[in-house]
Amino acid sequence: MTSDPAMDLLMWARGPGFQIATVVLLFGIVLRIVEILALGRARDLAPPKASPAQSGLRTVFSRFLPRHGMAMRSPVIHIGGYLFHAGFFIVLLFFGPHIQLFEEGFGIGWPGLPSPLIEAVTVISMVALVAVLIARVRDPVRKLLSTFEDYAVWVVTFLPFLTGFMAVNKLGLPYTWMMALHVLSVELLMVVLPFTKLTHAVTFLFARYYNGWVNGRKGAAT
Amino acid sequence: MTAATLERGLTALKEHIDAPVAAFFSSCVHCGLCAEACLFYTETGDPKYAPIRKLEPLRRQWRREYTLVGRLGALLGLIKPLTDDELAEWAHLIYDSCTMCGRCTLVCPVGNDLTYMIRKLREGMAASGHARKGLVEAAKKTIKLGSPMGVQLPALNAQIRRVEAEVGLPIPVDVAGVDYMVILSSMEVIQFPEIIGALARIFDRAGVTWTIPSSGFEATNVGIQIGSRDIAEEIVRRVVEAAEKLRVKYVISPECGHAYVALRWEGPNLLGRPYRFEVIHLMELLAKLRAEGRLPLAGKHDQRVTFHDPCQIIRRGGIDQEPRDLLNEITEDFAEMPDAGIWNWCCGGGGGVSAVDEAEHLRTKVFSRKMCQLDEVHPEQLVTACANCRNIIEEGLEAYNKDIEVIGLTELVAEYLAPDETAPAEGGDGS
Ligand code: SF4
Ligand code: SF4
């Protein structure tokens, strides 16, 4: 037993905390997928013009690219959106200490990227997140669409970057505290993901597939 | 029809929510991009017209009924059920400011098919008595008289006789065993009867056997627009019965956007069975005849023309190249508008909006989008393949004081049929 509360917290976060978050994340994702699939859909009796499944799969990938004219109409959302999403996965998957965790957990590792690069990506991601937030409050449509959840989710997404950056650069609280907060912020993200719009991380696959399926069978572009 | 009540509306919404709807609502990130694709937003700048916002009642019903969190919330009284007042308020967003054009569906980054959901939400609106009066009246007329504009057989017969005299060809009615059955939209019968003559000439030249049915000739389907499965089914059934009675191989979906959607895509599902004939859109048929060498064309139209893609044919129907091939063949100066093809902008009157009085002002306002497109190409004539688009565009051009003639593609094609050398000389122009 240590008598260092920061270390205790970090140990809890890395141990039971992480386990709880993982269980909630997995349970939540399964729940959301079941909620979708359980509803089912009627068989379509109209003879298709093209293969619906093929179109569904194609749409899953084609929607990664900007759509006609949209990047010009909403440049910040596009640039910020791409940078942030890319940054998130780069930092998550290619930061040395993260890879170590994956190695401990799953027994497989891979080469990481140099720390200065990861730090740059982190800063870019945070700037991108701030930019899309500003674009959210300044655009009348996004402002109208936004609820408390949109802002809360923004904070929850931003925190892991911020705490990670501060911990690595020994900013703010002492290192152990910062690390504990970093791990906890990630766990918070994991816990809210299935129950907020962050679910799109998984359900976009279904949404795009269905869209491609429905319209592709008509021979229409998707 | 049973009386419309809130309860029936909510039940209808529940019944129409399926896996895709759940996937769509689960995935929305409130990025607002769908608004940028919708002419009701781009032309007004009013954020309330954001497509995803129009779907709010459906989203709430889904959340309350089909998510664990929503159900718990409802149990605790935190998530309130939809009220009549809310639905009434939403009628403007669901009926007046959505033409089901499908543009938003093409841009959503997470892949939401918003148009698919508007169609479903309208079921709930109609069942709860919040459909627009113009559509309700049109539906009643269709069920009682067979057509939303009250066009009945005598009116059609009168037009047929006029056309027969004009083109000197017989218009077959109720001829069994032919290959193709032609159905028409009321708008065509009343406003653009030239189409009947054009078809007669094209089919005569191509050696196509065809007929118009004396009942079940109405192609438009207000049931699809208002959002009523029952009405939609009844209207489709009339066409299907006529076609199967006459034992035709194909039914030709005419120059009418949503009629195609109704008959080609929704019909078999409404009836719960496949048809004993095929549905082919007129554009597809013309392309097919052309490919088979049965549509000899000659001469070139010398006016500067552009083509307006009807939403239901291009985006919800996949007919893209067919009209362009024809136009390239028969015109000298065919200029495409910016965003032509799958990204074309709606005329503003589709999806039943043209039948809604409350929408008239807004519809004219958002026509500014079409004006922008036209201003890039300055055509003398605009060609399209939907009688409703045609009517709306004519009205819009008039409101904006623009002198552009609007014509149907089939008529233009008929004008450029090559003279028949095997037939006795008729004194046709050209050769
Ligand atoms: S574009 Fe798609 S994700 Fe964005 S607000 Fe509209 S429906 Fe939601
Ligand atoms: S279908 Fe067309 S009119 Fe309706 S919300 Fe989408 S973009 Fe707007």
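Note that this is a predicted model, so its numbers are computed, not measured. Numbers restart at 1 for each chain; the letters A, B, ... are given by sequence-line order, proteins then strands.
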**Prompt:** Can you say whether Pro66(A) sits under 4.5 Å from chain B via the side chain, the backbone, both, or neither, judging by heavy atoms?
**Reply:** neither
**Prompt:** What pair of heavy atoms forms the shortest contact from Ile235(B) to Gly223(B), and how long is it?
**Reply:** CD1-N, 4.1 Å
**Request:** Sort out for me which of Pro274(B), Gly341(B), Gly317(B) touches chain A most, counting heavy-atom pairs under 4.5 Å.
**Result:** Gly317(B)
**Message:** Quick check on Ala42(A) against chain B: is it the side chain, the backbone, both or neither that has a heavy atom closer than 4.5 Å?
**Reply:** neither
**Complete:** Heaviest contributor of heavy-atom pairs below 4.5 Å to chain A, chosen from Ile17(B), Leu33(B), Val69(B), Val261(B), is Leu33(B)
**Prompt:** Would you call Val168(A) and Phe95(A) a side-chain contact if the rule is heavy atoms closer than 4.5 Å?
**Reply:** yes
**Request:** Find the one option among Gly32(B), Cys28(B), Gly272(B), Pro47(B) whose heavy-atom pairs under 4.5 Å with chain A are most numerous.
**Result:** Pro47(B)
**Asked** Is atom CZ of Phe195(A) surrounded by more than 12 heavy atoms (other residues, nucleotides or ligands) closer than 6.0 Å?
**Response** yes
**Prompt:** Between Phe277(B) and Val248(B), what is the shortest heavy-atom contact and its length?
**Reply:** CB-O, 3.6 Å
**Request:** For residues Pro57(B) and Leu121(B), determine if any side-chain heavy atom of one lies less than 4.5 Å from a side-chain heavy atom of the other.
**Result:** yes
**Asked** Shortest non-hydrogen contact from Val156(A) to Val192(A)?
**Response** CG1-CG2, 3.7 Å
**Request:** Please name the pair of heavy atoms, one in Ile36(A) and one in Ala23(B), separated by the smallest distance, quoted to 0.1 Å.
**Result:** CD1-CA, 3.7 Å
**Item:** Heavy-atom pairs under 4.5 Å with chain B, option from Ala207(A), Gly216(A), Gly212(A), Ala220(A) with the top count
**Value:** Ala207(A)
**Message:** Looking at every non-hydrogen atom in both residues, tell me the closest pair between Ile29(A) and Pro194(A) and how far apart they are.
**Reply:** N-CB, 3.8 Å
**Request:** Please state whether the side chain, the backbone, both or neither of Phe206(A) comes within less than 4.5 Å of a heavy atom of chain B.
**Result:** both
**Prompt:** Do you know which of Ala35(B), Pro109(B), Ala50(B) has the most heavy-atom pairs with chain A at a distance under 4.5 angstrom?
**Reply:** Pro109(B)
Write out all chain B-chain A donor-acceptor pairs shorter than 3.5 Å, or none if the list is empty.
{"from": "Ala19(B)", "atom 1": "N", "to": "Gly40(A)", "atom 2": "O", "distance (Å)": "2.9"}
{"from": "Ser26(B)", "atom 1": "OG", "to": "Arg32(A)", "atom 2": "NH2", "distance (Å)": "3.2"}
{"from": "Ser27(B)", "atom 1": "OG", "to": "Thr203(A)", "atom 2": "O", "distance (Å)": "3.3"}
{"from": "Ser27(B)", "atom 1": "OG", "to": "Thr203(A)", "atom 2": "OG1", "distance (Å)": "2.7"}
{"from": "Val29(B)", "atom 1": "O", "to": "Arg136(A)", "atom 2": "NH2", "distance (Å)": "3.2"}
{"from": "Val29(B)", "atom 1": "O", "to": "Lys197(A)", "atom 2": "NZ", "distance (Å)": "3.1"}
{"from": "His30(B)", "atom 1": "O", "to": "Arg136(A)", "atom 2": "NH1", "distance (Å)": "3.0"}
{"from": "His30(B)", "atom 1": "O", "to": "Arg136(A)", "atom 2": "NH2", "distance (Å)": "3.1"}
{"from": "His30(B)", "atom 1": "ND1", "to": "Leu145(A)", "atom 2": "O", "distance (Å)": "3.1"}
{"from": "His30(B)", "atom 1": "ND1", "to": "Asp150(A)", "atom 2": "OD1", "distance (Å)": "3.2"}
{"from": "His30(B)", "atom 1": "ND1", "to": "Asp150(A)", "atom 2": "OD2", "distance (Å)": "2.9"}
{"from": "Cys31(B)", "atom 1": "O", "to": "Arg142(A)", "atom 2": "NH1", "distance (Å)": "2.8"}
{"from": "Glu36(B)", "atom 1": "OE1", "to": "Arg73(A)", "atom 2": "NH1", "distance (Å)": "2.7"}
{"from": "Leu68(B)", "atom 1": "N", "to": "Glu35(A)", "atom 2": "OE2", "distance (Å)": "2.8"}
{"from": "Thr105(B)", "atom 1": "O", "to": "Arg63(A)", "atom 2": "NH1", "distance (Å)": "2.9"}
{"from": "Thr105(B)", "atom 1": "O", "to": "Arg63(A)", "atom 2": "NH2", "distance (Å)": "3.1"}
{"from": "Thr105(B)", "atom 1": "O", "to": "Asn211(A)", "atom 2": "ND2", "distance (Å)": "3.2"}
{"from": "Leu106(B)", "atom 1": "O", "to": "Arg63(A)", "atom 2": "NH2", "distance (Å)": "3.3"}
{"from": "Leu106(B)", "atom 1": "O", "to": "Arg67(A)", "atom 2": "NE", "distance (Å)": "2.6"}
{"from": "Leu106(B)", "atom 1": "O", "to": "Arg67(A)", "atom 2": "NH2", "distance (Å)": "3.1"}
{"from": "Cys108(B)", "atom 1": "O", "to": "Arg63(A)", "atom 2": "NH1", "distance (Å)": "3.0"}
{"from": "Pro109(B)", "atom 1": "O", "to": "Arg208(A)", "atom 2": "NE", "distance (Å)": "3.0"}
{"from": "Pro109(B)", "atom 1": "O", "to": "Arg208(A)", "atom 2": "NH2", "distance (Å)": "2.9"}
{"from": "Gly111(B)", "atom 1": "O", "to": "Asn211(A)", "atom 2": "ND2", "distance (Å)": "2.9"}
{"from": "Asp113(B)", "atom 1": "OD2", "to": "Asn215(A)", "atom 2": "ND2", "distance (Å)": "3.1"}
{"from": "Tyr260(B)", "atom 1": "OH", "to": "Lys49(A)", "atom 2": "NZ", "distance (Å)": "3.0"}
{"from": "Arg264(B)", "atom 1": "NH1", "to": "Pro47(A)", "atom 2": "O", "distance (Å)": "2.8"}
{"from": "Arg264(B)", "atom 1": "NH2", "to": "Pro47(A)", "atom 2": "O", "distance (Å)": "2.9"}
{"from": "Asn269(B)", "atom 1": "OD1", "to": "Leu45(A)", "atom 2": "N", "distance (Å)": "2.6"}
{"from": "Asn269(B)", "atom 1": "ND2", "to": "Asp44(A)", "atom 2": "OD1", "distance (Å)": "2.8"}
{"from": "Glu284(B)", "atom 1": "OE2", "to": "Lys49(A)", "atom 2": "NZ", "distance (Å)": "2.8"}
{"from": "Arg316(B)", "atom 1": "NH1", "to": "Asn215(A)", "atom 2": "OD1", "distance (Å)": "3.3"}
{"from": "Gly317(B)", "atom 1": "O", "to": "Lys49(A)", "atom 2": "NZ", "distance (Å)": "2.8"}
{"from": "Asp339(B)", "atom 1": "OD1", "to": "His68(A)", "atom 2": "NE2", "distance (Å)": "2.6"}

**Asked** If you draw a 6.0 Å radius around CZ in Phe89(A), do more than 12 non-hydrogen atoms from other residues or ligands fall strictly inside?
**Response** no
**Complete:** With chain A, the option among Ile342(B), Leu68(B), Ile52(B), Ile314(B) that has the most non-hydrogen atom pairs under 4.5 Å is Leu68(B)
**Message:** Could you tell me if the side chain of Phe64(A) sits less than 4.5 Å from the side chain of Phe204(A), heavy atoms only?
**Reply:** yes
**For Leu193(A) against Ala201(A), the heavy-atom pair lying closest together** = CD1-CB, 4.4 Å
**Prompt:** Any idea which of Pro47(A), Ala221(A), Pro48(A) has the most non-hydrogen atom pairs under 4.5 angstrom with chain B?
**Reply:** Pro47(A)
